[in-house]
Structures are given as structure tokens and as C-alpha cells.
Number of protein chains: 2
Amino acid sequence: MLNNRQQKILKLIIDDFIDNGLPVGSRTISKNPTLGISSATIRNEMADLEELGYIFQPHTSAGRIPSDLGYRLYVDSLDTERLLDADQRVLIRNLLLSGKIKAEEIVEKAAHLLAEMTGLAVVASYPGFKKRALSNLKLIKISDTKVLLILVSDNEVVKSITLSFSGTSQDILDLISNSLIRNLEGSTIEDIDIKKISRLKYDLRQFENVIDYLVPILRDSLKNIEDDEFYVDGFENFLTVPEFSNSEKARKMYRLFEEKEVLNELFNDIQREGIFIKIGDENNIPLLNECSVITTAYRYRSNDLGKIVVIGPKRMDYRGIISVVEYTRNTLSDIFSGIYL
Amino acid sequence: MLNNRQQKILKLIIDDFIDNGLPVGSRTISKNPTLGISSATIRNEMADLEELGYIFQPHTSAGRIPSDLGYRLYVDSLDTERLLDADQRVLIRNLLLSGKIKAEEIVEKAAHLLAEMTGLAVVASYPGFKKRALSNLKLIKISDTKVLLILVSDNEVVKSITLSFSGTSQDILDLISNSLIRNLEGSTIEDIDIKKISRLKYDLRQFENVIDYLVPILRDSLKNIEDDEFYVDGFENFLTVPEFSNSEKARKMYRLFEEKEVLNELFNDIQREGIFIKIGDENNIPLLNECSVITTAYRYRSNDLGKIVVIGPKRMDYRGIISVVEYTRNTLSDIFSGIYL
DNA sequence: ACTTAGCACTCAAGTTAAGAGAGTGCTAAC
DNA sequence: GTTAGCACTCTCTTAACTTGAGTGCTAAGT
């Protein structure tokens, strides 16, 4: 489609625009020594590139700005191999490994780290909870009227739910907990149903009335468990992007990161481990049509995925960001595959 | 100090400025029928009010704007009795009582409600954890290498800490949990020390080596418990206040709400139940010297306080906001004193 | 001793005009 | 196919001018 020189010019235009944020003129490009052609020639090429839809002018007599299509070609032809230097690699790995015990905290930390290193907004998730098998469970008395139900999944996620449940001692709760986990262990959390819970009765006939009281409460609260936890970081970075410092847009953006459904929509698209980039209008969420969204997924143990989304203005340092995201993704996969233990 | 008419004029100026956000001129005030004096007279009075420091001009030939001192007098002489109508009272009470079991969720909800009703930023806290007595405790196995320590305080706050601790069965953890709670119950959480933990040994001689391994881990993790949990809501409201839509200020404000130390500083001033207002430079935190900060505390049971802070621009509807804050505070106090049970 | 009409004055904000600067497209020559 | 040259276009900045809201002060009225 594009000849070599056109590609080279397009790349120079986009590089310059990413650096400076101003429309790029023919003279600027012509100064590049590896090209050795005059601005007039560049103008001719630019006219062609514009006709093909890769760049456009914000107004007559202005330089050129890359279109979504232009960014697309640019991004697709980027070579990001081994860009990160050893220092940065060590930094990322050390920070992710430092002092965190809980898997979720590592993911949270990764989101923070990415936000800081890329200067963009980041959302990360930890593999879903409901589809995992239950590995432990405990009922803990917290007051005369309340009991805490703790659920532990086989990927070490812990969720707790407060139940309204009165007049039982911790001793009885311990017995019930033991019986429950014996009956439920290994079921996926979404598969726990009233039938399985009811098996309790056969174990603990002497507490039949307590259990009759507990079973519906348990069932209802299990229904309300949330699946994914999102870790959001770096929203503040949007406040300094000129494009978004407009107060109404900033407010909408803020809301975006607070709404679980939108985040879910964003995450549902991610099904594989590679790095995927959606530019401008390629995004399904209208609010993001001035943004680029970089997504990836890290492998959790062997068969589960955690997801990462990086959101920023279309004008971003794709090369640098892709390599940071990729290395962070790989490091998380490594950590969760256990190679650092 | 100020005669009746001056007070009346000052109030009119501030009311108008709060409504419109523009410097208030003498002609505007003179139109008020209850005053019946000409703009020239008002100008004279305004000159006096300015000399006394209650108002000032942003520039010569502009109308007047209230100074911090002016706002102070205005706020001190506000009468907020019974401003909230029955509908709003019912709304607040019902929302706070609806479907929430966990005390912390009620506080979180209250912060959200306040943010929505006032259009300002809100931070609320739940009574401190470390000074409370321990009421329950449980160790739960979450993987081969990790154990979750659950602590329940006598005010029903639950904290969990993940410990690196391997090679023990849930059965043994249950025994240890039982022994621990027997030895520690009633101690305040900050008073739990290695001496008290070590009593375990006498109870469970058969697991001495497990316990020797566990004790230092427990001690270290108890040190790292965080005291207060903050619920922040309504930051987004700052994005539409013209004064703060400046990107750098918005960013700083965002950071403010993320930094626990700053929030702690804000909360430490609150020691009593009444409504307190700090206007502009009355605030110790420099970033807030263009803001008014309204603080109050709700009573938790009989001897503990939870705190509420509302932050907005100095130009806010003090009357309305004070009454909403006050009613919410009272409702929380009522809920936690148990009168709705 | 207050109050008020009147007037000169000030300042911010909006409007207009001019000019500089960056960049383009096109043409004609190389 | 490339390039120098030139007329043209559009944004952005600056300065000058205008408008309008509001003030302070003075002098006359109550």
C-alpha cells in the first residue's frame, strides 16, 4: 500500500506529533537527514498520505496530525523487542516482589507501578472469584447479631460477607464451618446452591433449627458476591492532559473509573495474553474515542487470566508504554506461576 | 461592632455572592425592598465594611466579595434550626437504614449521601480500631504458604492480615485460634504484645515449634494494622467548581484525598460532636485555604466518636449544608446507639 | 448628621484590526 | 521525480478601542 518512503514519512510525522503535540509541517520533516528530500517533495507525499486517510490537517495551512488509521499503521509496525533496559526490568521486578504477601496486593501494586511509569490511567483485575473452587470457609462471630462469613478460593482470594445472624456461639459456628467446608470444598463458588448447603443438616442434626435459620441467609448472601475486584490507579494523570482538563470531560472520565459495568465491558474483551491496542474510535465506549486503550492479560498459574487495561490519550509513547506493560505482564505471570518462590 | 443595618447589608452581600459567584455591587443591594436606602448610602456602608475587613474588592471598580472574616460573621450568625423539611429527613434516615448490615457500610453510605446532597467532597471515618478491645480472632488457611488472621473488635470492625505461614493444617490453626482468643479477649488491640501472645505456649505445648514460628510473625503483623478507615466520596464535585477546574489544583486536591496522613491531620482536630467550620485561611492545610471545611462527629454507642469532614469552596450554601450534615450526624448517632433496632 | 443625586474615574472584558508566522498547494523549471 | 518559488490561508498574538458595571467623592437636600 504505502511505499517505503511514505511509511518513513508517516512514522516521522507521528513520532514528532507524539513528542510535541503540534501539527507537523513539511519543513520539520524535511530537516531529517536520513530522508534527504526537500519540503516540497514532502508536501506532495503528505498530500498523498492525507488522501489515503493516514493524516489530516486540523485546518488549512496547518501541519498534519495522525488519524486513527495513521496511528494504527504506526502501532502495527512498531518493534518493541527488548526496549526496556536492564535497570528498568530490575526495578519493576523488585518492586512487584517486595514485601507483598497477598496476591491481590501484588496486582494492586502493579497497577500503581504502571500508572506511575506510563503516566496514564490503569485498571487491573485479579482472576474472577466465582468460577474458582472453594478451598476454605469460616463463620466468625462479630457481635450478638452479626456473623462474618469468610470464603477462600483456590486462587487465594478471600471474600467476606457480614450476615445478620443472632444467638449462636462461636463453638457452634465452628462446627457448622467445619461441616460446611467438608461438604462444599472443591465446588466452584457459583455452583454452591441450597442443595449443597443443606447437607449440613445430616451432619449436625442437633443444631437443626440453627441451620434452618442459617441456610436461606447463606444462600442470599452468596448470590451477592462480587466477581472481580478492580484496582484503579493513575486517574489523576488525566487531569494534566490538556485534552481532558476540561472539567466536564474530567468528571465523565472520573465516573468511568467508578462504574463497575463500564469496567466490566472493557475487561470482557480481553481473552488472550498478547498486547492489544484500540485507538480512538476503535473503542466501543464513546467516552474513549479520543483515547488509546492498551490491554493485556497475565497468566495466573496455568489456566486463569488476570487483566490489565491502560488508558491514555491517543498521543502517547506507544513504544515505551507497550514495553513497560509487556514486561509487567510477564513479571506478573512469572510471579503467579511460582517461579520466584 | 456592626450596627443592625451593616449586618443586614453584609448578609445580603454574602447571600448574593453565594448565589451568583460575582462581586456584588451597591445597586444590586439597594434594590432589596426591606432596606429602602439608595445605592449611594450602601456604598458608604460598604466602604465601612471594607475598612473593617468583612468584604473586599477583587479590583477597583468591582463589586464586593466577602472576606474570610465576613464569612465567619455570616456563618456564626446563621440560624440553622429545623431547616431540613420532613421529606429530606425521611429520605436520609431511610437511605442510611436500608439494607446495610455492616456498620462501616452505613458510614460509607452516609459519606456518599452527603456528597450527593451537598455537592461537595466528603470524608468519613469509623471509630478507631486499635484502641478497641479484641472480641474475636481466627486463623484461616488460604494456601500452603499463607494464613489469614482475622481480628474482630468489640465495635464490630473486622480487619484481616495475610501471614506467610506454611505447613499447618486448619485443625491446628483452629486450636491456636481458640487459645489465642481465650488469652487475648478483652485486651485492646494496641496492647496485644509478645508477652500475651506467648501465653499460647502453655496452652498448646504439643505444638510448641509451630507456635515459636508463629509468634514473631503475629507480632510483626499486628504492628502494621491501620487504625482508621476513611470513606471518601464526592471528589468529582471539585472538578466542576471553576476555582478548582484548573488542572494543577485539581490534581493536588485529588492527591489530598489519597494521602492518609493529611486526612489524619484533618481528623485529629475533631474532638467533639458539634458542627465546626473552618473558613479559608483558618485551615491549617495550605491547600485548603480557598476552601471551607465543615467537620462534625457522630457518637458511636456511648463513648466513641466517628468523624465526618465536608470540604468545598468557601462559596457554598452554608445553611443548607450545615443542616444536612447535622441531621446525618444525628441519624448516625441514633443508629449506632441502637434506637432503630 | 444622614441620605442621596450626580458625575468623573477605574478596571475587566469584549471587539476589532493589524501583523507575524507557520504551513500549504501549485506551477514551472531542473 | 524533484525542487525552488510564490501566492495564499489560517491561527495566534498584540494593541487599540469600546462598553459596562461599579466605585468614590462632592454638594445639595432632609
Side-chain angles (χ1 to χ4, degrees), chain A residues 2-10 12-67 70 242-243 315, chain B residues 2-10 12-67 70 242-243 245-246 315:
Chain A
L2 294 188
N3 65 39
N4 230 323
R5 192 170 71 179
Q6 286 173 318
Q7 285 187 30
K8 206 165 168 184
I9 291 173
L10 180 60
L12 286 170
I13 292 171
I14 299 183
D15 278 336
D16 189 281
F17 183 71
I18 286 174
D19 275 1
N20 306 310
L22 298 171
V24 187
S26 54
R27 234 175 82 81
T28 312
I29 299 300
S30 75
K31 278 178 192 149
N32 186 292
T34 72
L35 225 46
I37 48 178
S38 77
S39 63
T41 310
I42 310 258
R43 280 202 284 286
N44 291 331
E45 295 286 26
M46 279 177 159
D48 289 349
L49 285 172
E50 178 152 6
E51 209 165 308
L52 292 166
Y54 294 103
I55 51 179
F56 68 98
Q57 296 178 278
H59 57 85
T60 350
S61 88
R64 261 53 173 221
I65 285 178
S67 67
E243 171 67 307
R315 180 168 92 76
Chain B
L2 293 188
N3 65 39
N4 229 322
R5 192 170 71 182
Q6 285 172 318
Q7 285 188 30
K8 206 163 169 186
I9 291 173
L10 180 59
L12 285 171
I13 292 172
I14 299 184
D15 279 336
D16 189 282
F17 183 70
I18 286 175
D19 275 3
N20 306 310
L22 298 171
V24 187
S26 52
R27 236 174 80 81
T28 312
I29 299 299
S30 75
K31 278 180 194 149
N32 186 291
T34 73
L35 225 46
I37 47 178
S38 77
S39 63
T41 310
I42 310 253
R43 280 202 285 285
N44 290 330
E45 295 286 26
M46 278 176 157
D48 290 348
L49 285 171
E50 178 152 9
E51 210 165 305
L52 292 166
Y54 293 103
I55 52 180
F56 68 97
Q57 296 177 278
H59 58 87
T60 348
S61 90
R64 265 40 176 235
I65 285 178
S67 66
E243 171 67 309
S245 61
N246 162 314
R315 182 168 92 77

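Chain naming here is simple, since letters A, B, ... match the order of the sequence lines and numbering starts at 1 in each.
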Rounded interatomic separation in angstrom, taking CZ from R5(B) and C1' from dA1(C): 12 Å
Distance, nearest 0.5 Å, that separates CG of D15(A) from CG of N20(A): 10.5 Å
I'd like a list of close polar pairs between nucleotides 4-7 of chain D and the protein, N/O only, cut-off under 3.5 Å.
| from | atom 1 | to | atom 2 | distance (Å) |
| --- | --- | --- | --- | --- |
| dG5(D) | O6 | R43(A) | NH2 | 3.1 |

Atom pair distance, as rounded to whole Å: CD in E45(B) and P in dT4(C): 11 Å
Residues within residues 20-30 of chain A bordering DNA chain C, heavy-atom distance below 4.0 Å: G25(A), S26(A)
Flag, side chain of Q6(B) to backbone of N3(B), donor-acceptor distance under 3.5 Å: yes
I13(B) CD1 - dG22(D) C1' separation (whole Å): 13 Å
Heavy-atom check, side chain of V24(A) versus side chain of L12(A), under 4.5 Å: no
Residue R64(B), side-chain atoms from C-beta onward, closest of dT3(D), dT23(D), dT24(C): dT23(D)
Whichever of M46(A) and N44(B) has its nearest DNA chain C nucleotide further upstream toward 5': N44(B)
Main-chain N/O of G53(A) paired to S67(A) side chain as donor or acceptor, under 3.5 Å: yes
Least distance between heavy atoms, I65(B) atom then P58(B) atom: CD1-CG, 3.9 Å
Separation between CG of N44(A) and CE of M46(A), rounded to the nearest 0.5 Å: 11.0 Å
Heavy-atom check, side chain of I9(A) versus side chain of I13(A), under 4.5 Å: yes
Salt bridge (Lys or Arg N to Asp or Glu O under 4.0 Å) contacts touching residues 36-46 of chain B (sequence neighbours left out): R5(B)-E45(B)
Atom-pair distance (CG on N3(B); C1' on dC2(C)), nearest Å: 12 Å
Between dT23(D) (C1') and I55(B) (CD1): distance, integer Å: 12 Å
Side chain proximity check, K8(A) to N32(A), heavy atoms < 4.5 angstrom: no
Protein-nucleotide distance (F17(A), atom CZ; dG23(C), atom P), rounded to Å: 13 Å
Scan nucleotides 9-12 of chain C against the protein and return all N/O pairs shorter than 3.5 Å with their distances rounded to 0.1 Å.
| from | atom 1 | to | atom 2 | distance (Å) |
| --- | --- | --- | --- | --- |
| dT10(C) | O2 | S61(B) | OG | 2.7 |
| dC11(C) | OP1 | T60(B) | OG1 | 3.4 |
| dC11(C) | O4' | S61(B) | OG | 3.2 |
| dC11(C) | O3' | H59(B) | ND1 | 3.4 |

Approximate separation, where rounding is to 0.5 Å, of R315(A) CZ and D19(A) CG: 8.5 Å
Atom pair distance, as rounded to whole Å: CD1 in I42(B) and P in dA21(D): 18 Å
Inter- and intrachain pairs under side-chain hydrogen bond (donor to acceptor under 3.5 Å, both in side chains), touching residues 54-66 of chain A, at least two apart: E50(A)-R64(A)
Distance-minimising heavy-atom pair for P66(B) and I14(B): CB-CG1, 3.7 Å
Side chain proximity check, I42(B) to L35(B), heavy atoms < 4.5 angstrom: yes
Interatomic distance, E50(A) CD vs dT24(C) P [rounded to whole Å]: 10 Å
Angle between terminal axes - the helix from dA1(C)-dT30(D) to dC30(C)-dG1(D), 5 pairs each end, rounded to 10°: 20°
Test item: S39(A) side-chain N/O and S30(A) main-chain N/O as donor-acceptor pair under 3.5 Å: no
